Structures are given as C-alpha cells and as structure tokens.
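What follows is a single structure, written as structure tokens, with notes after it.
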Amino acid sequence: MPELPEVETIRRDLEVKIVGHRIKDLKILSVKTVALAPAVFYKNLIGQRISKVLRRAKLLIIRLEPSNKYLLVHLKMTGQLIYKVKNKLIVGGHSSGNYRSGGRNVDADDSKNLNDLPNKHTRVIFTFTNSSQLFFNDLRKFGYLKLVTELELEGIVRNSYGIEPLTKEFSLINFSQALKGKKTNIKAALLNQKNIAGLGNIYVDESLFAARINPKRRADSLKPGELKVLWLAITKIIKRAVEYRGTTFNNYVDSAGRQGNFFKLLKIYGRGGEKCPRCHNPIKKIKLAGRGTHYCPVCQL
DNA sequence: CCTTGTGTTCTCCG
DNA sequence: CCGGAGAACACAAG
C-alpha cells in the first residue's frame with residue numbers, strides 16, 4: 001500500500017533517473033488505466049521531456065515540457081513504477097503480496113518479477129529516447145495515469161488535499177485546526193486526505209499507537225496535549241519511514257529492487273493477536289472507518 | 001469472504 | 001427543501 005513515504009521514495013528515485021528524458025514511444029496495454037483516449041494520450045506525450053517529478057499526498061506529478069502539462073500517476077493499492085535501463089533495473093514501486101504470511105521474504109520473488117518486465121500486470125510502458133523504459137504495473141487496475149493542464153493541477157492540489165506532513169505548514173496549530181470540530185473517529189479523520197495529506201492505513205495505526213490514542217476516539221475529543229503527542233508521532237514516523245525508504249508490508253521495492261525497510265519498525269500494524277510491545281496485552285484487530293484497524297485496547301486510551 | 005485509496009452515492013440532521 | 005458532514009458503497013482481482 002503506497003502511502004506518503006513510499007510515494008516520496010519513488011518520487012526521489014524518479015527525479016534522479018528520468019528528469020531530462022524525452023518520451024520516444026508509449027504502449028498502453030490496459031485502456032482502463034489511462035484516463036484519456038489512447039490516441040490522445042500518445043499525441044500529448046510522445047516527444048515530451050520530463051522536467052520535474054513532484055508529489056502531493058499519494059499522487060505523483062510529472063511535469064512535461066514543452067507542453068507544460070502534467071502527467072498524474074496514482075498507484076492506489078498495487079501500482080508500481082519501475083525504471084529500467086536496458087537490462088538493469090533502477091527504480092521500484094509497489095504491488096500487493098504477502099511477505100508476512102509467506103515468512104517475511106519477498107526478495108526472491110521481486111527480483112524474479114522485475115527481471116522479466118513487462119509482465120502480465122504491466123499496464124503502460126514508456127520508452128525514452130535513450131532506450132530506457134518506465135513500466136507502470138498494477139495488479140488490481142485501481143491506479144491511473146491522467147494528463148492535466150497547469151490550471152487543472154492547481155485545482156486538484158488545492159481542493160483535494162489538506163496539510164502535507166514533511167512541510168513547514170504541518171505545524172501543531174495547523175494540525176489541530178485540521179481536526180477541529182471533526183465528529184468522526186480519529187482514525188477516519190487522519191485517513192481523510194482533505195484533513196492530512198498522505199497518511200494511509202499503516203501509518204495511521206502506527207501513529208495512533210505511538211501517541212497512545214484509541215482509534216475509536218472522536219477527533220474533536222482530543223485534548224491539546226493529546227493533539228501535540230499525535231502530531232509529534234506523525235511527524236517522527238513519516239520522517240523515519242522516508243529515511244527507511246517506505247514500508248514493504250507486501251511487495252514494495254526500491255530503485256535497486258529492494259524492499260522498504262520500515263516494516264522492521266512496525267509496532268502494531270499487521271500484529272493482531274500478538275502482544276502489545278508496550279504493555280504486553282493482546283493487540284486487537286477491528287474494522288473501523290471501513291479498514292482493518294490494529295490497536296492496543298489497554299494502553300491506547 | 002478478505003485486503004485498501006479514493007471517488008461517488010446515500011443518509012442523516014439542523 | 002437545502003447544505004454539509006459523515007457513513008456506506010463501488011471498484012478490482014487474487
């Protein structure tokens with residue numbers, strides 16, 4: 001599940017690897033994946049040069065020149081962006097899998113999958129003029145590629161997303177303001193991209209655990225002290241997750257085809273039934289805000 | 001049946 | 001009846 005840290009890891013890799021490259025060819029293997037008629041998509045992309053790779057929440061934003069349009073890439077649950085120079089792999093992405101039940105080992109499978117691209121989940125292939133290629137893979141076809149103008153991008157960025165962790169605007173005051181008056185539970189409030197941008201199921205559970213706050217609490221019931229602890233927890237966890245190049249709970253791979261390392265630091269996510277690392281009571285797994293939710297009912301109040 | 005990010009639709013309440 | 005908030009559903013495929 002790519003959330004902010006995973007998408008940011010991909011963004012940083014792509015920034016180094018594809019900025020300056022010109023698109024020579026394009027193959028659309030899944031029409032549904034591209035939010036535009038294939039012929040129009042070809043016409044708009046071929047000949048364009050990548051000038052920037054940006055991110056807002058979980059959305060990747062690729063600037064094209066000279067058209068000055070933007071290619072938006074959303075990975076949703078199982079999307080991957082994999083960059084390949086001839087036979088060597090450079091940039092990774094995400095897909096679904098199950099390393100935990102399989103014994104915490106995805107290296108072998110990933111390497112195998114990445115080495116024979118395109119595979120059956122490849123939906124779009126970009127070929128650059130230097131012959132390198134970018135593959136968009138997506139097992140479940142939830143992800144999409146979209147082309148927008150600068151004006152449309154501004155609208156999306158402004159209207160769809162709240163404050164962005166890792167930026168200066170993510171202050172305690174703005175964080176508190178974003179949750180103020182929210183009558184829903186804190187888990188749903190944090191998952192809502194219009195409040196806080198980029199958090200998903202894993203990092204919300206981890207942050208609430210670190211802050212010792214029960215995910216069922218009403219957002220507007222949090223006291224100033226609790227808001228501060230939660231804000232600090234989110235800041236710390238997201239920063240560290242980026243340093244660790246994201247979480248491979250399933251099949252995330254980085255630029256060298258390696259998994260993200262933050263899974264080693266997960267305290268609560270995916271640990272239903274195990275002992276709480278803080279108080280040693282059983283970790284509960286419930287359904288909340290329509291999502292699997294892991295928490296310790298004893299030490300998260 | 002389960003998994004999840006997000007867009008859409010439904011429902012509730014004042 | 002309207003607007004907004006929040007909840008529920010839809011989507012896909014393994």
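It should be emphasised that the depicted structure is a prediction, and the values quoted were computed from it without experimental measurement. Labels below follow one simple rule: chain letters A, B, ... track the order of the sequence lines, proteins then strands, and each chain is numbered from 1.
Put simply, A/Lys285 has a side-chain N or O that comes within less than 4.0 Å of OP1 or OP2 on B/dT3. Dashed line: the shortest gap from a side-chain N or O of A/Gln193 to OP1 or OP2 of B/dG5 is not under 4.0 Å. A close approach under 4.0 Å does not occur between any side-chain nitrogen or oxygen of A/His74 and OP1 or OP2 of B/dG5. At B/dT6, one or more side-chain N or O atoms of A/Lys58 fall inside 4.0 Å of OP1 or OP2 (strictly under the cut-off). Residue A/Lys183 places no side-chain N or O under 4.0 Å from the OP1 or OP2 atom of B/dC13. At C/dA5, none of the side-chain N or O atoms of A/Thr184 fall inside 4.0 Å of OP1 or OP2 (strictly under the cut-off).
Listed nucleotides C/dG6, B/dT6, B/dT3 differ in distance to A/Lys76; the shortest reach to its side chain belongs to B/dT6. Nearest nucleotide to the A/Glu3 side chain, out of C/dA12, B/dG5, C/dG6: B/dG5. Across C/dG6, B/dG5, C/dA12, the shortest atom-to-atom separation from the side chain of A/Lys141 is found for C/dA12.
In this structure, A/His121 places its NE2 atom 6 Å from P of C/dG14, rounding to the nearest Å. Following rounding to the nearest Å, A/Lys120 (NZ) and C/dA12 (C1') show an atom-to-atom distance of 15 Å. As a whole-Å value, the separation of A/Arg140 CZ from C/dA10 P is 17 Å. Regarding A/Ile186, its CD1 atom lies at a distance of 13 Å from the P atom of C/dA7, rounded to whole Å. Across the protein-nucleic acid pair, A/Leu75 atom CG and B/dG5 atom P stand 12 Å apart, rounded to whole Å. Atom pair A/Ile286:CD1 and B/dC2:P shows a separation of 15 Å (rounding to whole Å applied). Going from atom OH of A/Tyr203 over to atom P of B/dG5 covers 11 Å, rounded to whole Å. Rounded to whole angstrom, the span from the CG atom of A/Leu190 across to the C1' atom of B/dG5 amounts to 15 Å.
Between the side chain of A/Arg291 and the base of B/dG5, a donor-acceptor pair under 3.5 Å is found.
Put simply, the side chain of A/Arg140 does not reach to within 4.5 Å of the side chain of A/His121, judged on heavy atoms. Counting heavy atoms from C-beta outward, A/Arg123 and A/Lys141 have side chains that approach closer than 4.5 Å.
Counting any heavy atom pair closer than 4.0 Å across all strands shown, A/Gly292 reaches sugar-phosphate atoms only and no base atom. As judged by a 4.0 angstrom heavy-atom cut-off over every strand, A/Lys194 is placed among residues making no nucleic acid contact.
Checked for salt-bridge contact, A/Glu15 and A/Arg12 miss the test: no charged N lies under 4.0 Å from a carboxylate O.
Comparing A/Phe142 and A/Gly181 by the nucleotide of DNA chain C whose heavy atom lies nearest to each, the residue mapping closer to the 5' end is A/Gly181.
Between the side chain of A/Gln300 and the backbone N or O of A/Ile213, at least one donor-acceptor pair lies under 3.5 Å. Using a distance-only test at 3.5 Å, with no hydrogens or angles considered, a donor-acceptor pair links the side chain of A/Glu6 to the main chain of A/Thr247.
Between A/His74 and A/Tyr144, the two ring planes are tilted [angle within 30° to 60°].
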